[in-house]
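Hydrogens, waters and symmetry mates play no part in the numbers below; they use all other heavy atoms, side chains included. A note on names: the letters A, B, ... follow the listed sequences, proteins ahead of strands, and every chain is numbered from 1. This structure is a prediction, so every number in the text was calculated from the model and none was measured.
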2 protein chains.
Amino acid sequence: MKALVLPALERPEGMTTHDYAFARLRQAIMVGAFRPGTSVTIRGLAEALESSPTPVREALRQLTSIGALHFLENRRIVVPRITPARFEELISLRIVLESHAARRAVAHLSDRQIDRIVAIDEAIEAAILAGRKAAALIANQDFHRQIYMANPDQIAMPLIESVWLQLGPILGIAMEHVAELYVVDRHREAIDALRRRDEDAVAEAIGADIREGIGGFDQQAIAKLLSLAG
Amino acid sequence: MKALVLPALERPEGMTTHDYAFARLRQAIMVGAFRPGTSVTIRGLAEALESSPTPVREALRQLTSIGALHFLENRRIVVPRITPARFEELISLRIVLESHAARRAVAHLSDRQIDRIVAIDEAIEAAILAGRKAAALIANQDFHRQIYMANPDQIAMPLIESVWLQLGPILGIAMEHVAELYVVDRHREAIDALRRRDEDAVAEAIGADIREGIGGFDQQAIAKLLSLAG
DNA sequence: TTTGTAAAAATATGATCACAAAATAAGAAT
DNA sequence: ATTCTTATTTTGTGATCATATTTTTACAAA
């Protein structure tokens with residue numbers, strides 16, 4: 001049993017052990033730290049997190065509720081495997097959910113907020129140029145999140161993050177096998193549409209961004225990645 | 001502290017205490033057994049379920065992950081309140097998610113499966129005529145679920161159920177204040193479209209079903225319901 | 001080598017308990 | 001009566017432990 005290492009994460013003062021375990025495990029999955037098919041144990045993670053089974057088990061149960069992990073009938077806990085068909089489903093769900101969320105956020109975005117989103121986009125490009133893959137991924141998610149969250153009554157964000165989590169493990173593999181990031185994104189187009197408050201154009205740009213970005217790997221490349229993940 | 005009663009639910013042999021607690025609480029929320037704003041306690045539910053805090057807390061944590069409950073900063077656990085704006089967001093999300101899920105299920109539905117869906121639709125009408133509101137609600141959900149689940153690689157169902165759960169408490173209130181159910185549904189139209197394997201028509205019918213069904217209460221009626229829920 | 005069986009180890013589960021935080025109740029001061 | 005303070009009760013949190021299930025290992029039989 002090799003010792004388990006999780007990506008570091010700051011623990012704010014006053015945060016409960018459970019909340020910290022959940023946040024840290026969630027981030028680990030989100031950035032692809034676990035490979036598909038990996039099995040984890042409650043005790044093992046409790047040790048890695050320097051706590052006890054109880055709060056860890058609660059965190060794991062939550063993660064299964066949002067599709068990030070699977071409890072098998074055996075009571076084994078595994079990182080879900082992804083088939084090409086499942087991958088395609090996830091991407092199409094992203095497109096539907098996020099173009100919808102983007103459209104409904106447009107009316108609530110102030111110029112100030114758009115400026116901040118532009119700054120995030122610049123951070124993404126800087127991270128890509130520096131080869132900081134995980135940082136680029138996080139910043140890219142933040143770009144999308146800042147748009148969708150502008151809608152104060154927004155409901156979709158947790159669902160979208162659930163899809164992101166389910167894509168996490170495959171992203172991890174993709175990052176391993178892609179030497180340099182040449183991310184094609186439509187962020188500029190989305191920003192221009194936001195500035196014009198053009199809801200249709202925003203929805204279209206976000207949809208295209210997803211389709212041509214992570215979802216844009218051709219089927220052959222995906223199949224190869226997924227076979228490596230087996 | 002009045003004793004808490006939960007809708008009954010059969011417990012399959014071999015089901016863990018945690019799974020049972022989750023299933024029962026989930027169903028209770030889904031059929032509107034809890035009013036918005038209600039606060040629950042771990043110990044109280046453990047007593048009602050004749051178990052201990054540990055498995056109940058795990059179930060509650062899962063339910064918060066899918067938006068069915070809220071852990072406040074106070075550490076109090078409450079059934080979320082719903083504003084008119086939130087309600088509208090939920091309905092629009094249902095439309096987007098479910099018409100998408102329905103469209104992608106069409107190609108996988110066999111004639112046999114469609115026959116079963118027709119049978120469910122008849123069960124819905126029977127329940128409505130008999131005034132069995134909760135049964136009608138459950139059957140209606142089953143109608144939708146059977147369609148979406150026909151897609152074997154389907155990912156959206158858990159997200160859709162999350163939205164259903166968030167609508168549960170308002171449905172409970174609606175059921176209390178509507179003497180007789182006169183549910184307008186587009187199920188026949190959806191079934192006809194399924195038989196023709198017409199994806200666009202199926203998506204359209206499902207969208208209309210949601211829009212004109214639960215979502216079809218006019219804004220004034222919703223506002224009244226929501227004020228009662230406060 | 002392969003297959004089947006039994007012992008051992010590892011693991012998930014759920015109840016319990018000590019502790020901390022929060023809410024409630026009770027009483028005093030204004 | 002109202003407000004503030006204090007004491008009591010209630011409640012969430014997290015560690016621990018006994019138990020049951022599962023997995024792994026060890027070993028015998030084919």
Inset, instruction - Nearest whole angstrom, please: distance from the P of C:dA12 to the CD1 of A:I42. - result: 4 Å
Inset, instruction - May I ask you to say whether A:E89 pairs ionically with A:R94, meaning some side-chain N is under 4.0 Å from a carboxylate O? - result: no
Inset, instruction - Determine, step by step, whether B:H144 and B:D209 satisfy the side-chain contact (heavy atoms from CB on, under 4.5 Å) criterion, reporting the C-alpha distance in whole Å, the side-chain angles of both residues, the deciding distance to 0.1 Å, and the verdict. - result: CA-CA 10 Å; B:H144 286 260; B:D209 179 58; 3.0 Å; yes
Inset, instruction - Let me see the working for B:D142 and B:I124 under side-chain contact (heavy atoms from CB on, under 4.5 Å), right down to the final yes or no. - result: CA-CA 9 Å; B:D142 204 34; B:I124 295 172; over 6 Å; no
Legend entry - Selection from D:dT22, D:dA15, C:dA15 that lies nearest to any side-chain heavy atom of B:P55: C:dA15
Legend entry - Ion pair check, A:R103 and A:E98, cut-off under 4.0 Å: no
Inset, instruction - Answer whether the closest heavy-atom distance between the side chains of A:S51 and A:V56 falls below 4.5 Å. - result: yes
Inset, instruction - Return the nearest nucleotide to the side chain of B:R76; candidates are D:dT24, C:dA12, C:dT24. - result: C:dT24
Inset, instruction - Starting from C1' on C:dA22, measure out to CG on B:L72 and report it in whole angstrom. - result: 12 Å
Inset, instruction - Using the closest heavy atom to pick a nucleotide of DNA chain D for each, name whichever of A:M15 or A:N74 lands nearer the 5' end. - result: A:M15
Inset, instruction - Please work out if B:R57 contacts a base, only the sugar-phosphate, or nothing of the nucleic acid, heavy-atom cut-off 4.0 Å. - result: base
Legend entry - Shortest side-chain distance from A:T41, nucleotide among D:dT13, C:dT13, C:dA12: C:dA12
Inset, instruction - Check the pair B:H70 / B:R81 against side-chain contact (heavy atoms from CB on, under 4.5 Å), numbers first and verdict last. - result: CA-CA 10 Å; B:H70 264 42; B:R81 294 177 187 280; over 6 Å; no
Legend entry - Rounded interatomic separation in angstrom, taking NE2 from B:H18 and C1' from D:dT21: 17 Å
Polar-atom pairs under 3.5 Å, protein N or O versus N or O of nucleotides 16-19 of chain C: list them with distances, or write none.
{"unit_1": "C:dT16", "atom_1": "O4", "unit_2": "B:T54", "atom_2": "OG1", "d": "3.2"}

Legend entry - Short side-chain donor-acceptor distance under 3.5 Å, B:H108 and B:Q154: no
Legend entry - Separation of atom CD in A:E73 from atom P in D:dT21, rounded to whole Å: 16 Å
Inset, instruction - Give the rounded distance in Å between these two atoms: CZ of A:F71 and P of C:dT11. - result: 14 Å
Inset, instruction - Just compare C:dA23, C:dT13, D:dA15 and give me whichever is closest to any side-chain atom of A:S51. - result: D:dA15
